[in-house]
Amino acid sequence: MGCLGNLIWFVFGGFVLGLGWLIAGILWCITIVGIPIGMQCFKFASLAFFPFGKEVDYGGGAVSLLLNIIWIIISGVPLALEAAVVGAIFCITIVGIPFGLQCFKIAKLALMPFGSTIRYN
C-alpha cells in the first residue's frame, strides 16, 4: 500500500501540502536567523509529499517548546489549517479516509514540528 498510496497521495493532495512546506521553508531561509527553522520545513516537506510508510515521533525539550510557540504564531496555523481542510475533504468518502488520516497527521505536525522526528516503517 505504501508505494501505491504515496503515488495517489502525491497526485491528489500531497503536492499541494508539500509545496506549502517548501514555501514556508524558503520564506524562513530568507533570514539568517530563520535558516534552522527553514531546514526543518524542508525535512517535513518530504513527509508531506510521501507520508505512507512513515510515522512521526514527538518529543523535545525546552528549546523545542520555545521554537514550537514561535512557529505556531508565525507559520504553524496556516499550514495546519491547510492540512486539516484537505483532510476533511478526503474524509467525505470512504475511499479517501486513509488519505484524510495522513492529512491529519501532517496537520498535527504543522503545529509541533520541533522536537519531532520522522520514523520509517
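Computation of the quantities below employed the complete heavy-atom set of this structure, encompassing side-chain atoms and omitting hydrogens, waters and symmetry-equivalent molecules. Fair warning: this is a prediction, and the values are worked out from it, not measured in the lab.
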(Q) Test of understanding: with side chain to side chain contact (heavy atoms under 4.5 Å, CB included), list the residues that count as partners of L65, not counting sequence neighbours. (A) I69
(Q) Distance check, rounded to the nearest 0.5 Å: C103 atom SG versus I97 atom CD1? (A) 12.5 Å
Q. Transitively linked via ILVMFWY side-chain contacts under 4.5 Å: L109 with L101?
A. no
(Q) Just verifying a value: how many Å separate Q40 CD and S64 OG, rounded to the nearest 0.5 Å? (A) 8.5 Å
Q: Please report the shortest heavy-atom distance between P51 and A48, naming the atom on each side.
A: CD-O, 4.1 Å
Please list, one pair per line, the donor and acceptor atoms closer than 3.5 Å that link side chains of residues 23-37 to other protein atoms, with sequence neighbours excluded.
| residue | atom | partner | partner atom | Å |
| --- | --- | --- | --- | --- |
| W28 | NE1 | S75 | OG | 2.9 |
| T31 | OG1 | W28 | O | 3.4 |
| T31 | OG1 | G34 | N | 3.1 |

Q: Taking the side chain as every heavy atom from C-beta outward, state whether T117 and V56 have any pair of such atoms under 4.5 Å apart.
A: no
Q | Non-neighbouring partners of F104 that pass ring pair (Phe, Tyr, Trp, His ring centres under 6.0 Å), sequence neighbours left out | A | none
**Q.** Nearest non-hydrogen partners of C91 and G100, listed with the distance
**A.** SG-CA, 3.8 Å
Q: Indicate the atoms forming the closest heavy-atom contact of G76 with L111, along with that distance.
A: O-CD2, 4.1 Å
Q.
In this structure, would I92 and V86 fall into the same cluster of hydrophobic residues linked by side-chain contacts under 4.5 Å?
A. no
Q: Any chance you could measure L47, atom CG, to K54, atom NZ, to the nearest 0.5 Å?
A: 6.0 Å
Q | Minimum-distance pair of heavy atoms, taken over all atoms of K105 and Y58 | A | O-OH, 4.0 Å
Q) Quick one: does F44's side chain get under 4.5 Å of I118's, heavy atoms only? A) yes
Q.
Are the side chains of W21 and I106 in contact, using a 4.5 Å heavy-atom criterion?
A. yes
Q: Answer with yes or no whether the hydrophobic clustering places L79 together with F50; edges join I, L, V, M, F, W, Y residues whose side-chain heavy atoms lie under 4.5 Å apart.
A: no
Below 3.5 Å, can you tabulate the donor-acceptor pairs from side chains in residues 12-20 to any protein atom, sequence neighbours excluded?
none

Q | Linked, directly or transitively: L22 and L81 (ILVMFWY side chains, under 4.5 Å) | A | no
Q | Partners meeting side chain to side chain contact (heavy atoms under 4.5 Å, CB included) with V85 (sequence neighbours left out) | A | I89
Q) If you take all heavy atoms of W71 and A110, which pair is closest and at what distance? A) NE1-O, 2.6 Å
Q: Applying ring pair (Phe, Tyr, Trp, His ring centres under 6.0 Å) between F10 and each of F52, F49, F99, report the one that passes.
A: F49
**Q.** Sequence-distant partners of F42, ring pair (Phe, Tyr, Trp, His ring centres under 6.0 Å), two or more places apart
**A.** none
